[in-house]
K.L.:
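Structure incoming, see below.
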Amino acid sequence: MRDLVSSICKGAKVIPVVVIENVEDAVPLARCLVESGLPAVEVTLRTAAALDSIKAIAAEVKDCVIGVGSILCEEQLKASIEAGGHFGVSPGTSATLLSALKATDWPFLPGSGTISEMMTLREAGFKELKMFPANIVGGVGMLKAVAGPVSDISFCPTGGVKPENAEEFLSQKNCFAVGGTWIAPVADVNAKNWDVIAERAKAAAKLGQA
Ligand code: 3PG
């Protein structure tokens, strides 16, 4: 039985999406986010440092729920689990990735952007999906439109989510969390601007709590 991502994320309504270019930044970044009220993070597999960063966070920041993002294929899926990630995320879902996912019960948010992808993933047993790129595929309007047809599916919209629109996403009944890079953009991570990131994280931690 696959645990729901929402059930392992300690109530997080905002999941920062991070791109880590230097392994040394992984632990301070994760600590900064957790201490600022955001217990879950999505580390994208977009850099050579990503897997080692996940291993470092898993070893040293035990209270951080580690998502692994940008998973495109079975090889990355396996590497993400081995590195110690607690759940995975993909931007979309290819047939081969879906078949690899069916062979594991690792918590996972498969990416969807169309009603047909949502139906396919629903048939495969997924109850929670990433909606990506959320602002391009219709944003809050898309969430409202699919709430009737796939009423048992809940989403984590990502892509174009910002402080200005996050609350509107989170007020939808079929939105359990949002993700985004605005909290810890790569330039701030590279510059080790932990104070700036902490301020944004503290503000983000207040979203969706009403
Ligand atoms: C993702 O991988 O989910 C996106 O890159 C995040 O999109 P954003 O940069 O618009 O927040």
Side-chain angles (χ1 to χ4, degrees), residues 5-6 9 12-21 25-26 29-30 32-33 36 38 40-51 53-54 57 65-73 76-77 79-80 83 85-94 97 101 107-114 117-118 121 126 128-143 153-170 172 174-191 193 196-197 199-208:
V5 168
S6 62
C9 279
K13 294 288 180 184
V14 176
I15 302 175
V17 176
V18 301
V19 177
I20 303 174
E21 294 184 335
D25 294 332
L29 173 60
C32 171
L33 294 171
S36 304
L38 297 179
V41 62
E42 177 188 327
V43 180
T44 60
L45 291 185
R46 295 181 205 164
T47 65
L51 286 171
S53 297
I54 291 158
I57 298 169
V65 182
I66 310 166
V68 185
S70 310
I71 294 176
L72 302 178
C73 61
Q76 290 180 327
L77 178 67
S80 304
H86 299 114
F87 69 94
V89 187
S90 62
T93 316
S94 67
L97 178 62
L101 285 172
F108 202 89
L109 279 184
S112 64
T114 66
E117 288 168 334
M118 293 167 197
L121 290 163
F126 288 93
E128 292 179 343
L129 309 178
K130 170 164 167 156
M131 178 182 281
F132 181 79
N135 59 335
I136 306 294
V137 302
V140 169
M142 181 65 155
L143 281 178
I153 300 290
S154 193
F155 294 91
C156 178
T158 310
V161 181
K162 305 274 178 218
E164 303 78 57
N165 61 12
E167 202 70 72
E168 195 185 2
F169 276 105
L170 287 167
Q172 305 306 308
N174 56 347
C175 176
F176 69 92
V178 296
T181 57
W182 86 86
I183 301 141
V186 65
D188 281 325
V189 176
N190 286 344
N193 284 337
V196 175
I197 292 171
E199 283 313 304
R200 286 202 210 100
K202 283 176 193 165
K206 295 186 182 138
L207 293 166

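Atoms within a ligand are numbered from 1 in the order they appear, just like the ligands themselves. Since we're looking at a predicted model, the values are computed, not measured.
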K.L.:
Identify the protein heavy atom lying closest to atom 7 (O) of ligand 1, giving its residue, its atom name and the separation to 0.1 Å.
P.N.:
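Here the closest protein heavy atom is G159 CA, 3.4 Å.
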K.L.:
When you measure from atom 4 (C) of ligand 1 to every protein heavy atom, which one gives the shortest distance, and what is it?
P.N.:
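For this ligand atom, the closest protein heavy atom is F132 CE1, 3.7 Å.
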K.L.:
May I ask whether R46 has any heavy atom positioned less than 4.0 angstrom from an atom of ligand 1?
P.N.:
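Contact present.
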K.L.:
Find all atoms of ligand 1 within a distance of less than 4.0 Å from any non-hydrogen atom belonging to G160, and give their numbers and elements.
P.N.:
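The list of qualifying atoms is 8 (P), 10 (O).
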K.L.:
Working to the nearest 0.5 angstrom, can you tell me the gap between S80 OG and L45 CG?
P.N.:
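Answer rounded to 0.5 Å: 4.5 Å.
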K.L.:
Residues two or more places apart in sequence or in another chain: which of them pass side-chain contact (heavy atoms from CB on, under 4.5 Å) with K202?
P.N.:
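With neighbours one apart ignored, the set is S36, E199.
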K.L.:
So, taking the atom named OG in S90 and the one named CG in L121, what distance separates them when rounded to the nearest 0.5 Å?
P.N.:
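Here the rounded value is 7.5 Å.
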K.L.:
Output the list of atoms in ligand 1 that are nearer than 4.0 Å to some heavy atom of G180, sorted by atom number.
P.N.:
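With G180 as reference, the close atoms of ligand 1 come out as 11 (O).
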K.L.:
If you have a sec, work out which protein heavy atom is nearest atom 11 (O) of ligand 1 and how many Å separate them, to one decimal?
P.N.:
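Residue, atom and distance for the closest contact: T181 N, 2.9 Å.
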K.L.:
May I ask you to identify the nearest protein heavy atom to atom 6 (C) of ligand 1, giving residue, atom name and distance to one decimal place in Å?
P.N.:
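Here the closest protein heavy atom is T158 CG2, 3.7 Å.
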K.L.:
At a 4.0 Å threshold, what atoms of ligand 1 neighbour a non-hydrogen atom of K130?
P.N.:
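Under 4.0 Å from K130, ligand 1 has these atoms: 1 (C), 2 (O), 3 (O).
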K.L.:
Quick one: side-chain contact (heavy atoms from CB on, under 4.5 Å) partners of N174, sequence neighbours excluded?
P.N.:
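side-chain contact (heavy atoms from CB on, under 4.5 Å) list for N174, sorted by chain: L143, V146, A147, F155, Q172.
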K.L.:
Is the backbone of N190 close enough, under 3.5 Å, to the side chain of E21 for a donor and an acceptor to pair up by distance?
P.N.:
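Side chain of E21 to backbone of N190, a donor-acceptor pair under 3.5 Å: no, none is there.
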K.L.:
Whether the side chain of E128 engages the backbone of V5 through a donor-acceptor N/O pair (distance < 3.5 Å, no angle test) should be reported.
P.N.:
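Yes; judged by distance alone, with no hydrogens or angles, the pair exists.
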